[in-house]
Amino acid sequence: MFAVRPLEFDRIVAAVADLSATPLGRAMLLAVEPKGEPRAVALLQQGTTEAVRFSEQHGGFPLRAGQGLPEALDALQLDGQPLEPLALRTLADFVDSVGQSRTAIQNAGPAFPLLGALVAPLTSFDEDIAAVRAAIDAGGDVLDSASPALRGIRDRLRRLRQQLLQALERLTRGRDTAKHLQDDIVTERNGRAVLLVRAEHRANVPGIVHGSSASGASLFLEPSAVVDLNNDIVETGEREREEIFRILLALTDRFRVRAADMRVVQTVATDLDVVQARARYSARIGGMPPTFVQDGSLTLRGARHPLLAEPVPIDVVLDPPSRILLITGPNTGGKTVALKTAGLFALMAQAGLHLPATTVRLPVFRSVFADIGDDQSIAASLSTFSAHISKLVAMDRSLDLPSLVLLDEVGTGTDPNEGGALATAVVSHFRTRGAHLIATTHFDAVKTWGTATAGVTVAAFAFNPQTYAPTYRLVYGAPGRSLAIEMAQRLGLPAPVIAAARSFLGDDQKRLQAHLERVDAQARRLDAEHGRLERERRALADERKAIDARERALTERETAFRTRLNEKVDDRIRQARREIDAVIEQMRDRSNALLEQASSRPVAVPVNTGQTGRVRAEARAAVEQIAERLRNGEVLSPVRPLEDATSDATPLPSASAPSRAATLAPGARVSVGALGLEGTVQSVSGGHVEVDVRGKRMRARVGTVTVISGPPPATKAALVRVHVDLAPREGMLSELQVIGCAVDEAVDRVATFLDSAMLSDLREVRIIHGFGTGQLRKGIQAFLKRHPLVLAYGPAPETQGGGGATLVTLKD
């Protein structure tokens, strides 16, 4: 049993229902009641929480439904009857919106398990929706394209109406007819086109009369000349209606035959609308999900009554073993609001609603009772006191633990002494039965009993000691004064009345009032101290948060710095790789130039291996310089030509080694520009020289040309010295281990390794990739298959790793 009406829960329900998107959801919300089973309550709260997060992250569910949806759903139950076009379109749009909601929830992923389970039973209506939209437009008109037959009928109908209009226009303009017409307009009567003919000229215009004007001066006459056309139009219009009926019935039956699926659609749409309305209400009131406990505690901190325009946050706390809270203090201090807030929060929480508070911890109550306000009933011959007692009796009979009992001014309506004793007995009785009870009271007997009884907490609403204005803050630990006389004085009661009231107080009452005043003062000091400590605690918490934020910022900056540093290192490594690639390319060009130089001599001689060795030495020196600059953090610069890569670089030897001035002449072999392109001088003119490089003519400044050899002698070929340098580069390894690397990373490392091996004059190397799944071996061997430096490759012998390694033979 839940006290819905006294706590105004029905107003909360109406506010939530106003946020629904469909008539189905609104009807369900208006009938909602709190649940008393913990599992059911937990599911309701989970649904609201998921809907709140979904709305924040994805904007809510795209549910939509016209006001005529319930009637359209009801009409589906009538076999053989089609829905009206607009109702069909409304139904299709509604079903489509449910499908869109399902898609949105499924796309959101596993973060919304309850919502995902809610839409899981839905099946697709895409074809049925498309059929309706192809036949009916958004305004509810059946389109010509709904069927070929309808298109043909409407085309004929348009032609007939055009012919009829032309025929009638000819009559209105004809001399024999126009003079008998009341007006030269064409109108319609009983579904047939007619003319307005003066009554006195009826005999002059042959035709059928379909009625007269209100004055009788004009007749609605269908001329005989258009009777057949009108008949054709009426007949064709009837065929159009029959075809539209057939189309609408077919479209309606597409949904009607899927009755079970449609019931699922309605159920899911209703549930989604309900949970979304709860989420919207949570956002409106700034709600938070409650925590349900089993230890009997009830904690509401910063609780704001959701029906008040400007609520003052209050704290209502019951810590075990206390289950009874007695709220005392002056009138107009907020006692009844606190009572209603506690009860309303319990009902809202158990209906799946979030609550406007900073902290909410409470049990799941099986029953919530409330006796609030004056329920005097003249019809039932019950006084105020009798009405309250009747309610207490009903509560005691229906009590189902865990239960929350709310009593406002318990024991009022009778003699104060007997009322105080009765109130004490009632509170004690519900305490004995194990109920949670919150009661407001002014009775000193109840206050005294509460302060001396275990399991009972006494609190009072504070007030300003100078003005007696309420502060609406509950102070726990001591009873408060009622301040009836002081409040009366503050509200304007004449001073003589106030003085007389004070004189009528007995000595015991005065001593009690003085004692309570001292307790109030002490409670205010303790409350002030508590407030100061709370402010300090919040300040420390804020400082801690600031420190944590600074630490996170430092960590983020450090991570960003490391990322930038790694990126910078990666950039430098990539630049070094590009420079090394350029060195290798230059070495290839120089080697090709040597081959061309040797082949271009009059007497064929072998290539000077000393020259090729020098080219390789220069390449190694250039690579070493790149590595040194990379280690020292120097800025990498564009690659210099190989002849400038070492300080002791000298021109490649030739037969005569003449000076530039003596040998820069047609026929001389020269190196051109920073790339070291070699060619033969064709002509020298002023400060420029024309060079043939592999059949291509180049024009360069004399200062950019380096003489390799002079023009070939006319008698005999130059002697060629042979020097072989086969020693590999010191420290260069002949194997590479890439176990654990990704395929792309391993291929990059193999490419660099092969370039270095070629510079070191190695002819056979080993790549260790392990066994694993075989993907790394396949990726590396696919790369080796197309590499220009690789002559052959294959599995290593068993003594060198077998299938876990690949031996590579490089080209000379």
Side-chain angles (χ1 to χ4, degrees), residues 20-28 61-106 119-161 191 233-273:
S20 61
T22 69
L24 304 178
R26 179 177 179 80
M28 180 66 73
F61 313 130
L63 285 174
R64 60 186 182 275
Q67 291 301 317
L69 178 64
E71 291 76 11
L73 293 172
D74 291 341
L76 284 179
Q77 312 304 317
L78 304 175
D79 291 338
Q81 291 297 318
L83 292 177
E84 293 297 322
L86 190 58
L88 255 176
R89 183 66 187 234
T90 297
L91 179 65
D93 290 344
F94 164 70
V95 175
D96 184 39
S97 73
V98 180
Q100 292 177 12
S101 300
R102 176 194 60 183
T103 301
I105 292 171
Q106 291 175 342
V119 300
L122 288 172
T123 54
S124 175
F125 278 81
D126 290 346
E127 293 183 1
D128 308 307
I129 295 167
V132 171
R133 290 177 173 172
I136 303 171
D137 64 16
D141 293 327
V142 179
L143 301 172
D144 292 358
S145 57
S147 74
L150 182 61
R151 182 184 297 278
I153 292 171
R154 285 183 170 175
D155 287 344
R156 171 175 169 76
L157 197 57
R158 281 188 286 269
R159 290 194 301 271
L160 290 173
R161 285 172 175 166
I233 289 173
V234 171
E235 180 185 354
T236 306
E238 183 62 29
R239 290 174 55 202
E240 178 191 28
R241 286 188 290 273
E242 291 174 355
E243 179 61 16
I244 290 175
F245 182 91
R246 187 195 65 78
I247 292 170
L248 295 179
L249 183 59
L251 293 174
T252 302
D253 285 344
R254 295 181 75 116
F255 295 92
R256 182 174 286 144
V257 297
R258 301 182 60 183
D261 292 339
M262 282 300 300
R263 284 193 293 271
V264 172
V265 168
Q266 295 177 58
T267 300
V268 172
T270 302
D271 292 343
L272 285 179
D273 197 14

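By convention here, the first residue in the shown sequence is residue 1.
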inquiry  = Under 3.5 Å, is there a donor on one side chain and an acceptor on the other for Arg258 and Thr123?
reply    = yes
Separation between CG of Leu122 and OG1 of Thr103, rounded to the nearest 0.5 Å = 9.5 Å
task = Begin from the C-alpha positions of Leu91 and Leu83 and carry the test side chain to side chain contact (heavy atoms under 4.5 Å, CB included) through to its verdict.
result = CA-CA 9 Å; Leu91 179 65; Leu83 292 177; 3.8 Å; yes
key: Glu238: partners by salt bridge (Lys or Arg N to Asp or Glu O under 4.0 Å), with sequence neighbours left out   = Arg241
key: Sequence-distant partners of Leu249, side chain to side chain contact (heavy atoms under 4.5 Å, CB included), two or more places apart   = Pro82, Phe245, Asp253, Arg256
ask   = Does Arg89 come within less than 4.0 Å of Asp93, counting only side-chain N to carboxylate O?
value = yes
ask   = What are the two closest heavy atoms between Gly25 and Asp273, and how far apart are they?
value = CA-OD2, 3.3 Å
ask   = After noting the C-alpha distance and the side-chain angles of Phe255 and Val95, does the key distance pass the side chain to side chain contact (heavy atoms under 4.5 Å, CB included) rule?
value = CA-CA 10 Å; Phe255 295 92; Val95 175; 4.3 Å; yes
task = Quick one: list whatever passes side-chain hydrogen bond (donor to acceptor under 3.5 Å, both in side chains) with Gln266, sequence neighbours left out.
result = none
remark   = Heavy atoms of Gly140 and Pro85 approach each other most closely as O-CB, 2.9 Å
task = Locate the shortest heavy-atom distance separating Glu243 from Ser147; write the atom from each residue and the value.
result = OE2-OG, 2.7 Å
inquiry  = Would Asp144 and Arg158 count as a salt bridge (charged side-chain N to carboxylate O under 4.0 Å, His left out) here? Give the steps.
reply    = CA-CA 12 Å; Asp144 292 358; Arg158 281 188 286 269; 3.2 Å; yes
query = Just by modelled atom types, is the Phe61 backbone N or O under 3.5 Å from a matching donor or acceptor in the Ser101 side chain?
reply = no
ask   = Mind checking whether Leu73 and Leu24 have side chains closer than 4.5 Å, heavy atoms only?
value = yes
Considering all heavy atoms, the nearest Ser145-Ala134 contact = OG-O, 3.5 Å
ask   = Under a 4.0 Å N-O cut-off, is there an ion pair linking Arg239 with Glu242?
value = no
ask   = Which value, rounded to the nearest 0.5 Å, describes the distance between Ile233 atom CD1 and Arg156 atom CZ?
value = 9.5 Å
ask   = Rounded to the nearest 0.5 Å, what separation is found between the CD1 atom of Ile129 and the CG atom of Asp96?
value = 4.5 Å
query = CD1 of Ile247 to CG of Leu88: how many Å apart, nearest 0.5 Å?
reply = 11.5 Å
message = Within this structure, what is the OG1-CG distance for the pair Thr252 and Asp128, rounded to the nearest 0.5 Å?
response = 11.5 Å
Which atom of Ala65 lies closest to which atom of Pro23, heavy atoms considered = CB-CD, 3.9 Å
ask   = More than 12 heavy atoms of other residues, nucleotides or ligands under 6.0 Å from CE of Met28: is that the case?
value = no
message = Determine whether Arg64 and Gln100 satisfy the following criterion, side chain to side chain contact (heavy atoms under 4.5 Å, CB included), listing intermediate values before the conclusion.
response = CA-CA 10 Å; Arg64 60 186 182 275; Gln100 292 177 12; 3.5 Å; yes
ask   = Could you give all pairs that pass the ring pair (Phe, Tyr, Trp, His ring centres under 6.0 Å) test and reach residues 130-150, with sequence neighbours left out?
value = none
note = salt bridge (Lys or Arg N to Asp or Glu O under 4.0 Å) filter on Asp126, not counting sequence neighbours, yields none
inquiry  = Rounded at 0.5 Å granularity, tell me how far CD in Gln67 sits from OG1 in Thr22.
reply    = 10.0 Å
Side chain to side chain contact (heavy atoms under 4.5 Å, CB included) between Leu251 and Ile136, intermediate numbers included = CA-CA 10 Å; Leu251 293 174; Ile136 303 171; 4.2 Å; yes
task = Please name the pair of heavy atoms, one in Glu240 and one in Arg154, separated by the smallest distance, quoted to 0.1 Å.
result = OE2-NE, 2.8 Å
inquiry  = Which residues pass the salt bridge (Lys or Arg N to Asp or Glu O under 4.0 Å) test with Asp271, not counting sequence neighbours?
reply    = none
